[in-house]
Structure formats: C-alpha cells, structure tokens
Asker: 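Shown below is the structure under consideration.
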Amino acid sequence: MTDAVYPALPGPAGSIDAAEYERQYRASIEDPDGYWRGEAKRLDWMTPFETVKDVSFAADDFRIRWFDGGAMNVSANCLDRHLAERGDSIAIIWEGDEPGDGARITYRQLHEQVCCLANVLKARGVAKGDRVTLYLPMVPEAAAAMLACTRIGAIHSIVFGGFSPDSLAGRIEDCGSKLVITADEGCRGGKRVPLKANVDAALEKCGGVETVLVLKRTGADVPMTEGRDLWLDAEMANASPECAPEPMAAEDPLFILYTSGSTGKPKGVLHTTAGYLLWVTKTFRDVFDYREGEIFWCTADIGWVTGHSYVVYGPLANGATTVMFDGVPNHPDHGRLWETVDRLGVNILYTAPTAIRSLMREGDAHVTKYNRRSLRLLGTVGEPINPEAWEWYYRVVGDRRCPVVDTWWQTETGGILIAPLPHATDLKPGSATKPLPGVCCEIVDAEGQPLDGATEGNLCLTDSWPGQMRTVWGDHERFIQTYFTTYPGKYFTGDGCRRDGDGYYWITGRVDDVINVSGHRMGTAEVESALVAHAKVAEAAVVGMPHEVKGQGIYAYVTLNAGEEPSDDLTAELRQWVRREIGPIASPDAVQFAPGLPKTRSGKIMRRILRKIAEGDVSNLGDTSTLADPGVVEQLVAGRVG
Ligand code: 6R9
C-alpha cells in the first residue's frame with residue numbers, strides 16, 4: 001500500500017514554501033553560524049553575543065553552548081518589547097473549566113502582573129539562580145509566575161497538578177526550591193483538585209521551602225501555615241508594578257522540568273535562556289505560520305513541556321494571543337473543543353492524538369454541530385498519530401481545508417524538531433515529515449552504524465540545535481550517560497524511526513523502557529518501584545500494552561508476598577495505591593498476578609516476553625531457553641489479563 005499524500009496548499013504572502021525550506025535547511029547545515037546569527041535577530045538582546053555555537057558531543061570534551069557573551073531577559077522578550085506596538089492586544093485568553101468562564105488579559109496587564117509578582121518573589125528572598133516550584137492550574141497567574149521567575153533570573157520548576165504529594169516532594173527536594181506557588185484548589189472536568197492540601201502533604205516530607213504563595217482559585221477554605229503561607233493576591237496588591245528585567249547570560253538556566261526516563265527517578269531537564277527562547281520563538285512562528293492577530297490554542301497543560309513552549313514562551317515571544325484552557329475536552333460534553341473554537345474564534349489548534357482518538361469515538365455529530373470556520377491550521381504532538389485519527393482530524397475537524405502539522409519533539413529538545421511547514425511540505429498522515437532547519441537526524445542500527453536512504457532503526461541527532469537541553473539538574477554525568485553514550489558522539493532520542501524513500505520520518509515509538517500513556521511519559525521503573533512499595537507486593541514488572549485511546553496503556557505483572565492471595569479487591573487497591581504514590585496518569589490499566597516472572601539465570605527479567613504477552617502476541621515469544629525456569633512463561637500466558 002502506498003501512503004496517502006496531501007500536497008501542501010499555497011500559503012499567504014510571507015509563508016515559507018518548499019524552495020525556501022530547502023534553502024534554509026541547506027544554509028543551516030552549511031553555515032550554522034551565519035544562519036543562527038540571522039535567526040537570533042528575532043530576539044531582543046541586552047548585550048550582543050560573541051560566538052554563535054560552541055558544541056562537542058564527545059564524552060571527553062563535552063560542551064553545548066550557544067550565543068556566548070550575549071545577555072537578554074526572557075520576560076522582556078515576551079512582554080516589554082510588545083508594549084509600544086500591541087500593549088492593548090490580548091496576550092492570554094483564559095478559558096475556565098466551565099464554558100464561557102474565563103478572562104482576557106492584555107500584554108500591558110500581563111506585564112504589570114509579572115512585575116508585581118516578581119517583586120513579591122524578591123520580597124520573599126528569591127534571587128537570581130534560586131529555584132521556585134509551581135504547582136498550579138491552567139490560569140493566567142501560572143504564566144505570570146513563570147515570567148516573573150524569568151524576570152528576576154529565578155529558575156522555575158513546574159510540577160503538573162495531577163502529580164501526587166510524593167512526586168511533588170521528590171521534585172521540590174531534588175532542585176532545592178525555596179518557594180512554592182500553588183492555588184487553593186484546581187477544577188478539572190467539574191472535579192476539584194486539592195492543590196494546597198497536596199503541597200502541605202509534600203512539605204511534610206521535604207525541607208527547604210520557606211514560603212508558599214497561594215492563589216485563590218475556587219475560594220475553598222484551606223489551612224494556612226503562619227509564617228510560611230501567604231495569599232498571592234494580597235501580596236501582589238501591595239507590590240510595586242515596576243521591576244527592571246534582570247540581564248541573563250545566554251547560557252544562564254531558565255527552567256527545570258522533570259521527565260521520566262527508562263531508569264531511576266525523573267530527571268530534571270535543564271533549559272537555558274537564549275537558545276531555548278530562540279528555538280521556541282522560531283518554531284512557533286514557522287511551524288504554525290503564525291500571523292499577527294490570530295488566536296492560537298494549544299490544549300497542553302503547562303506542567304508538560306508542550307505547555308511551556310507553545311502555551312507560554314513561543315506564543316508570547318511572538319506577540320501572539322494564546323489560549324490557556326483549564327478544562328478537559330469531554331466536559332461538559334464531547335463538543336467542548338469545537339464549541340470553544342467557535343466562541344473564541346480560534347485560528348490554530350494544537351492538541352494530542354489521544355484527545356483526537358477519544359473524540360473520534362464519540363462520533364462526528366459533536367464536531368459538525370459547530371462551524372469551526374475560524375480554524376486555519378491543526379497540529380498534533382505527544383505520540384505517534386495513527387493515520388485513521390489523522391484523517392479524521394483533517395477531514396471532519398478541518399473540513400479538508402486545514403493543514404495538519406504532526407510535530408515530533410521531546411522535553412529534552414525544547415521545541416519542535418521534525419514537522420511539516422504547512423505551506424512547504426506535502427503531508428503524509430502518520431508521518432512528522434522532515435527535520436526543521438538546523439536539525440541533523442540520523443537513523444542508526446543497534447550498533448550505531450548510520451543507515452542511509454529508506455530504512456528503519458533508532459533516531460539520533462548528530463549535532464546540536466539552540467533549544468537542546470544542557471544538563472540534568474545536579475547530575476551532569478547522568479545527562480551524558482543517558483543521551484550520549486548509547487551511540488557515542490550522538491544524541492540518542494530513545495525513539496525508533498523509519499525513513500521512507502521521500503526522506504520522510506515516521507516515528508514508531510520508544511525503544512527504551514519509557515511508555516507513552518495519552519502522550520505522557522512514564523518510566524516503567526517508576527511504576528514498578530511504586531508497586532513494590534506496597535506491603536503485599538514482592539516484585540513487579542511493568543510494560544506498555546496497546547490501548548485504543550491512550551496509545552499505550554500500563555500493564556503490570558505483580559508477584560505477591562508469601563501468604564497473600566490475588567483478588568479483584570487487591571487489583572483495585574494496587575491501582576489506587578499507584579494513583580496515590582505517583583498520580584492518576586500512572587495507574588495501571590491491567591494488573592496480572594503472577595507466581596513468578598521470566599528471568600534469566602543471572603536474574604534479569606526478560607521484558608521482551610512480558611511485552612509480547614501484554615500485547616497478546618503469544619504465538620512467537622522467541623527464544624526462552626535462557627530462562628532460569630521456562631515454565632513461568634506458560635503460566636503467564638494462561639493468566640493474561642485483557
Ligand atoms: C513534546 C513531548 C517525548 C516523546 C518522544 C516520542 C513521543 C512526541 C511525537 C511523538 C511520534 C510525534 N512523541 N511527539 N511520537 N510523533 N509527533 O511530547 O515531549 O513528553 O518529553 O515526550 O513523545 O516518543 O520521545 P515528551
């Protein structure tokens with residue numbers, strides 16, 4: 001079968017066409033210094049940089065530095081520089097959990113909020129380089145808090161509001177935050193989320209936090225700890241709206257964002273100032289072909305990297321109007337996204353395949369009830385999109401008028417790396433298409449040998465781009481170990497990938513022990529350690545399984561302690577336990593009680609076999625002769641859940 005192709009539609013004046021894409025791509029490879037020197041003009045610099053790029057991925061001579069000598073401030077680029085021209089334009093449209101519950105904030109108003117909040121932080125002793133943890137709903141104050149940190153050079157670490165007190169405590173402790181900003185409660189899909197109570201519980205487990213600023217979101221009565229907790233609005237009301245932006249060196253840290261890997265606890269991915277901001281500024285402009293005055297809606301939460309880069313920094317650096325959505329796509333009903341698109345006049349919508357699949361199941365009528373005439377472009381991110389979902393998005397949501405940009409990237413990459421440019425690239429449903437200018441992709445085999453032409457293997461990046469992460473917070477060795485040693489001298493993405501005869505890239509999913517549940521990354525090791533922390537569990541192994549809506553689901557094999565009996569109640573208890581330990585997104589979809597796990601004689605669990613059983617593909621389990629007890633495999637196959 002040949003893949004469907006949708007030829008790129010010509011764009012308005014100023015959009016990048018195929019020839020311009022080719023020209024830029026070539027320039028970025030042949031003369032990276034010249035290319036990025038030009039691109040860097042997109043930003044306002046306080047001090048011009050001296051060197052463009054200083055990079056080596058070699059283990060003994062490792063460095064990633066961009067724009068050395070330069071200085072700038074991220075909040076000044078996102079706010080101050082727009083004031084003269086578009087101070088009264090809308091920066092953020094806030095859309096609450098209930099349709100129509102919301103607000104509009106101009107650039108000028110946001111600037112004032114950010115300055116006040118920055119002064120509140122300063123008054124509580126937060127200085128350049130200090131870490132601040134944000135645990136907030138999707139409200140404009142969350143964007144203001146991010147920008148307030150950047151204004152004074154504090155490093156923010158946002159923790160998704162769905163994470164448990166334990167997960168929050170781990171992240172606060174790891175980066176040594178001295179201040180936390182939260183809200184009394186969040187609202188999601190008509191339910192309340194006890195954010196402040198979770199912070200209180202987290203702070204019982206970790207030290208170092210001197211101040212908790214609490215935003216009034218629902219008005220719930222929450223206990224305040226004297227001397228530590230302060231109401232954010234009261235503090236801001238007393239603060240000065242003037243705060244000069246701190247000049248930050250290009251390589252000064254901007255934010256930390258924790259993400260799951262294949263081993264150990266989540267890693268604090270560190271992004272720095274100028275390179276990150278330039279990458280998200282350029283990719284936002286080019287991939288979405290953004291035009292002044294348009295309304296852009298990325299449905300991601302700011303607790304994930306997509307929210308950082310394409311709800312806040314990319315749009316605001318471009319002077320765009322960005323929608324912050326504090327709800328969910330199925331509340332109050334399955335037409336919520338389209339009702340909101342019509343009511344707000346959204347031009348560009350950027351969401352996840354899991355949301356598309358879940359809405360597709362509910363039937364077209366929820367979509368066609370609304371006219372969606374304002375939509376011009378559709379985007380997806382977070383996991384591979386199956387061609388059926390892509391076609392539905394294109395045909396039903398976009399009425400075959402709107403290009404669909406499937407964007408591949410990672411927390412580590414800062415912004416989009418592989419994606420079509422909407423008026424330059426012919427589209428193929430299911431393919432993220434081609435690398436953006438400045439992105440050097442290579443597909444390698446298991447030994448790291450580069451593979452040419454149409455091929456399939458592991459996706460690496462052979463050179464740096466400005467938005468690349470710079471280190472793992474507090475553990476530079478782990479950074480190098482994780483990304484640059486599997487294939488020495490190359491950044492290994494952890495993704496498998498096929499390249500077709502037209503040079504299009506098709507991401508096939510993770511090849512490591514990371515599973516992608518509804519576009520959220522989970523390390524199997526994290527779920528396993530949560531399970532074994534339960535008093536009745538002796539051992540656990542977790543793998544991904546195919547899931548119609550979530551993309552991947554979590555399948556847990558659990559061995560109980562002697563004397564414990566499997567039961568439906570215990571399954572429910574373990575699922576609840578993981579919810580509490582990590583958060584709802586980590587709760588296993590299937591729990592199989594197993595008398596034993598398949599291990600080699602040296603004691604290694606053979607995950608390959610567990611994956612196959614979870615997938616229901618038991619006809620060909622491969623070689624099981626090296627197992628210490630080949631008999632366990634039959635028992636596992638017989639006990640499969642699903
Ligand atoms: C931005 C984000 C990264 C992992 C990545 C890959 C998967 C993201 C994708 C995609 C296929 C796409 N992924 N976008 N796979 N097509 N368009 O999601 O970051 O949470 O760090 O996840 O997500 O497996 O390695 P993050």
Side-chain angles (χ1 to χ4, degrees), residues 158-160 162-163 255-262 266-271 276 279-280 283-284 287 298-311 313-314 350-357 378-387 389-390 393 404-420 425 427-436 439 441 458-461 467-469 472 482-483 486 491-499 504-524 526 544 550-552 585-586:
I158 307 187
V159 179
F160 174 57
F163 277 121
F255 67 80
I256 299 166
L257 179 57
Y258 286 86
T259 192
S260 297
S262 46
K267 297 182 283 280
V269 167
L270 183 91
H271 282 287
Y276 170 83
W279 194 260
V280 299
T283 52
F284 174 80
V287 174
C298 165
T299 63
D301 191 283
I302 49 151
W304 310 110
V305 73
T306 307
H308 284 62
S309 301
Y310 300 108
V311 173
Y313 291 119
Y350 190 35
T351 192
T354 186
I356 298 168
R357 286 191 298 264
L378 301 169
T380 80
V381 58
E383 48 175 321
I385 181 162
N386 46 314
W390 192 104
Y393 198 34
V404 171
V405 292
D406 173 0
T407 64
W408 175 85
W409 57 294
Q410 312 178 297
T411 305
E412 294 88 338
T413 71
I416 300 167
L417 294 197
I418 305 181
T425 318
L427 304 173
K428 297 190 191 187
S431 170
T433 77
K434 295 190 190 178
L436 296 178
V439 177
C441 293
N458 296 333
L459 181 64
C460 292
L461 301 160
Q468 182 170 27
M469 76 180 279
V472 170
T482 306
Y483 301 102
T486 316
Y491 170 86
F492 176 42
T493 63
D495 279 322
C497 184
R498 176 167 75 83
R499 185 171 50 217
Y504 276 50
Y505 289 79
W506 301 72
I507 306 296
T508 53
R510 302 289 303 197
V511 294
D512 53 10
D513 288 321
V514 171
I515 44 190
N516 193 325
V517 185
S518 300
H520 301 317
R521 270 165 74 165
M522 281 309 314
T524 53
E526 281 168 76
K550 299 178 179 183
Q552 276 189 303
I585 55 168

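Counting convention: from 1, in listed order, for ligands and their atoms alike.
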Asker: Check Glu383 with Arg357, please: is the shortest side-chain N to carboxylate O separation under 4.0 Å?
Answerer: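 Glu383 and Arg357: salt-bridged.
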Asker: We want to know whether Gln468 and Tyr491 form a side-chain donor-acceptor pair, criterion being a heavy-atom distance below 3.5 angstrom.
Answerer: no
Asker: Salt bridge or not for Arg521 and Glu412, using N-O below 4.0 Å?
Answerer: yes
Asker: Taking Ile416's backbone N and O only, do any of them form a donor-acceptor pair with Tyr310's side chain (distance below 3.5 Å, no angle check)?
Answerer: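 Checking the backbone N and O of Ile416 against the side chain of Tyr310, a donor-acceptor pair under 3.5 Å is found.
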Asker: When His308 is tested against each of Phe255, Phe160, Tyr313 for ring-ring contact (aromatic ring centres under 6.0 Å, His included), which residue passes?
Answerer: Phe255
Asker: Exactly which residues line ligand 1, taking a heavy atom under 4.0 Å from it as the test?
Answerer: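 Lining ligand 1 at under 4.0 Å, by heavy atoms, one finds Val305, Thr306, Val381, Gly382, Glu383, Pro384, Asp406, Thr407, Trp408, Trp409, Gln410, Thr411, Asp495, Ile507, Arg510, Asn516, Arg521.
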Asker: Say whether, by atom type as modelled, one donor and one acceptor occur between the side chain of Thr508 and the main chain of Gly496 under 3.5 angstrom.
Answerer: yes
